[in-house]
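Counting starts at 1 for both ligands and their atoms, in listed order. Basis for what follows: all heavy atoms, side chains included, without hydrogens, waters or symmetry-related copies.
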Amino acid sequence: MKNLKAAILAAIIFYCACPRAAAQAPLYKDPKASPAERAADLLGRMTAEEKFGQLQQLDGLWEGDYRKEHLELAREGRLGSTLNVRFAANVNILQKEAVEHSRLGIPLLFAFDVIHGYRTIFPVPLGESAQWDPELAGKAASAAAEEAYSVGLKWTFAPMVDIARDPRWGRIVEGSGEDPYLGSRLAAARVRGFQGADFSAPGKLLACAKHWVGYGAAEAGRDYNSTNISRSALRNVYFPPFKAALDAGAATFMSAFNDLNGVPSTANKAAIAGTLRGDWGFKGFVVSDYTSVKELIAHGLAADEEDAAVKALSAGVDMEMVSTLYRDKGPAALSAGRLSLPVLDASVLRVLEMKFRAGIFEKPYIDPALETKKLLTPKTRKLALEAALKSLVLLRNTGGLLPLGPGLKKIAVVGALADSKTDMLGSWSADGKPADAVTLLEGVRETVSPGTEVVYSSGCSPSAGTDEELAKAVAAASEADVIIAAVGEEASMSGEASSRAFLSLPGRQLELLERLKKTGRPVVAVLFNGRPLELSWLDANIPAILEAWYPGTEGGRAVAQTLFGRSNPGGKLPVTFPLTLGQVPIYYAHRSTGRPPSAAEKYSSKYTDSPVEPLYPFGYGLSYSSFTYSGLSVTPAKIKADGKAIVKVAVTNSSSRSGDEIAQLYIRDAAGSETRPVRELKGFKRVTLSPGETKTLEFELGPAELGYYYEDGFAVEPGLFGVYASGSSEGGLEARLEVMP
Ligand code: NOJ
């Protein structure tokens, strides 16, 4: 009887299930099923080789082509993603192998470093950070995503959210500077810009918060160097922008090159499995940096290639960029039990689930017609101009030399950087074309009044300049009413693998400036550079200095419009400019010491041969307008640890010119379980004020702003807090807030 029942049941199941199973597409192909269900179903159908294949990312050619072997790998289901492959002609061919000719038809994810624009290039991230305008940074990221998507990309390795406090490190140009609060606001804005509300939508990209973690603290500023970061600094300084990126929905993270406190980031279980996935609940996937899995051997963490693969994968690095150890050594490690199947499956699931969420199973191809419609449109150029204008920081303007008046007869533009299209774009300029860029010289020529003669002489570049070239430039300049000297660094002097041991102006540029000064003509220095430089001679000798960073496609136009007063500079420094190299690392949010610097006290924390103060502090920047702060209030002045206070301050444009001010709010936690920085940024607002106009700005100070990580968690400690409102990290108005026990 029992057997009969079982047989009937089996027959019913067979009758119901079999014909359907034969006719129905597998669950993973059903767009109505959830990404998690689809990923689980797909995983169940995969061989070990296909699983490792999904974890492999390979590099195409810099020009955008795939490599021949990619076709075969895609067909065999042994490739998950590529970087640098782009343009419909390449992407669609390679994708077709994966989608239509591989056993399971899993699409590839096409990635690229879209860092500050794709074809329309916006200011380098450090320059963009000088805008202090997260909304604008988000718009630039969104425009970059739309362009990049149009050439078949679906994933950008951005934003780079590493805090950097050492200008010798070349990659300081790629981030938001030294401050975790500013960095967090920008990280979130950029992630939202790239991804939008739904990253599966056309025109959106998956973002990648990088480099997890601590990469910016490279010892001695040397790229790829080891880092030693205290637990407190990690949690209060280096982690926050990553957490902000995650909270904004960042789909992926990239593990960093650096050794972090003795465990390379690419095998750092505590950071990846512990903090990122465990404590923060990150659900996306982690990609290694370029060959960083293999580099575990050079680090001295892994004994051999298999050991490196096992350690990286077991730490939670899901996808391997460029090196091929997962693919080559993973299967043997799996069979021998040195790599666990659940570890492998978890990584594959994370990658697959993200591919489902990205919508590429449904939309694997790109319409070739899109490219021509989306790239470098009048709209993106306009946005690039706005972005460049807002990123400029006026460092000095003695005697109101700027803005330049309309009545000038002759202007000399000097310095090879003034006429270099490549150097307008900066490092990581994706598919930006130098030919699209407006140079400073072009900008000046189109901006001056018809009666003004513009002469140009290169003098020298950051890396070359002969005696004759210098002499020629000085001769040309000595006849001019005003000299505009473009100095700084070539774009390639900052960025990856471009650390410097000196922060001086490279080459003969200082000599050029000295000789220009001797002409007696007023000199305006325009700086193109990707890091804080040592500018003390300029500050003492050149009346007007404008920091232009690498301002992007519309850069030269933006600088010229600013020099001639069509636009009023309002950017502020996102990073401290030291007085001298010996002060490095120098940042505003340092802790006090038991012996703070004091001129009167020898045994205090200072130098015998240099001031301790920087040349230009974090948050500093001038304007053609002037602003005054008044009426700082904190209400209530006493709160509980879970309470909130409202800070109000009035900012007045006390000049006759409309302009932007970036009002900044800082706190100091006076005493607690751990010592806290002398100041910490906790709010800012960029506002435009007409002549004489006053705006009262409001900020909130609550647990998120007043708390910090100590011992085991994040908390607000009772006690006194200083509250400061100012136009830079120094000076300003001061009030107090008490947190009661
Ligand atoms: C190495 C860099 O560190 C990383 O930022 C970049 O995204 C990858 N190369 C890919 O180009």
Going by distance only, is there an N or O of [X] that falls short of 3.5 Å from an N or O of ligand 1?
{"X": "Lys210", "result": "yes"}
{"X": "His211", "result": "yes"}
{"X": "Asp289", "result": "yes"}

Could you check whether His211 and Tyr215 have their ring centres less than 6.0 Å apart? yes

Identify, by atom number and element, the atoms of ligand 1 in contact range of Arg171, meaning under 4.0 Å from any of its heavy atoms. 2 (C), 3 (O), 4 (C), 5 (O)

List ligand 1 atoms under 4.0 Å from Leu83, heavy atoms only on the residue side. 10 (C), 11 (O)

Residue portion contacting ligand 1 (non-hydrogen atoms closer than 4.0 Å) for Gln57: neither

Where's the contact between Trp428 and ligand 1, heavy-atom distance under 4.0 Å: side chain, backbone, both or neither? side chain

Carboxylate-amine/guanidinium contact Glu147 Lys374, below 4.0 Å: no

Quick test of your reading of the structure: of Asp59, Asp113, Asn84, whose heavy atom lies closest to atom 6 (C) of ligand 1? Asp113

Evaluate side-chain hydrogen bond (donor to acceptor under 3.5 Å, both in side chains) for Thr380 paired with Arg119, printing each intermediate quantity in order. CA-CA 9 Å; Thr380 58; Arg119 171 72 183 269; over 6 Å; no

Sub-4.0 Å heavy-atom approach of Glu174 to ligand 1: no

Check for me whether Arg86 meets the cation-pi criterion with Trp62, that is, NZ or CZ under 6.0 Å from the six-membered ring centre and within 45 degrees of the ring axis. yes

So Trp132 and Phe618, would you call those rings parallel, tilted or perpendicular, with 30° and 60° as cut-offs? tilted

Can you say whether the rings of Phe253 and Phe242 are parallel (under 30°), tilted (30 to 60°) or perpendicular (over 60°)? tilted

Between Arg165 and Tyr587, the two heavy atoms sitting closest are NH1-CE1, 3.2 Å

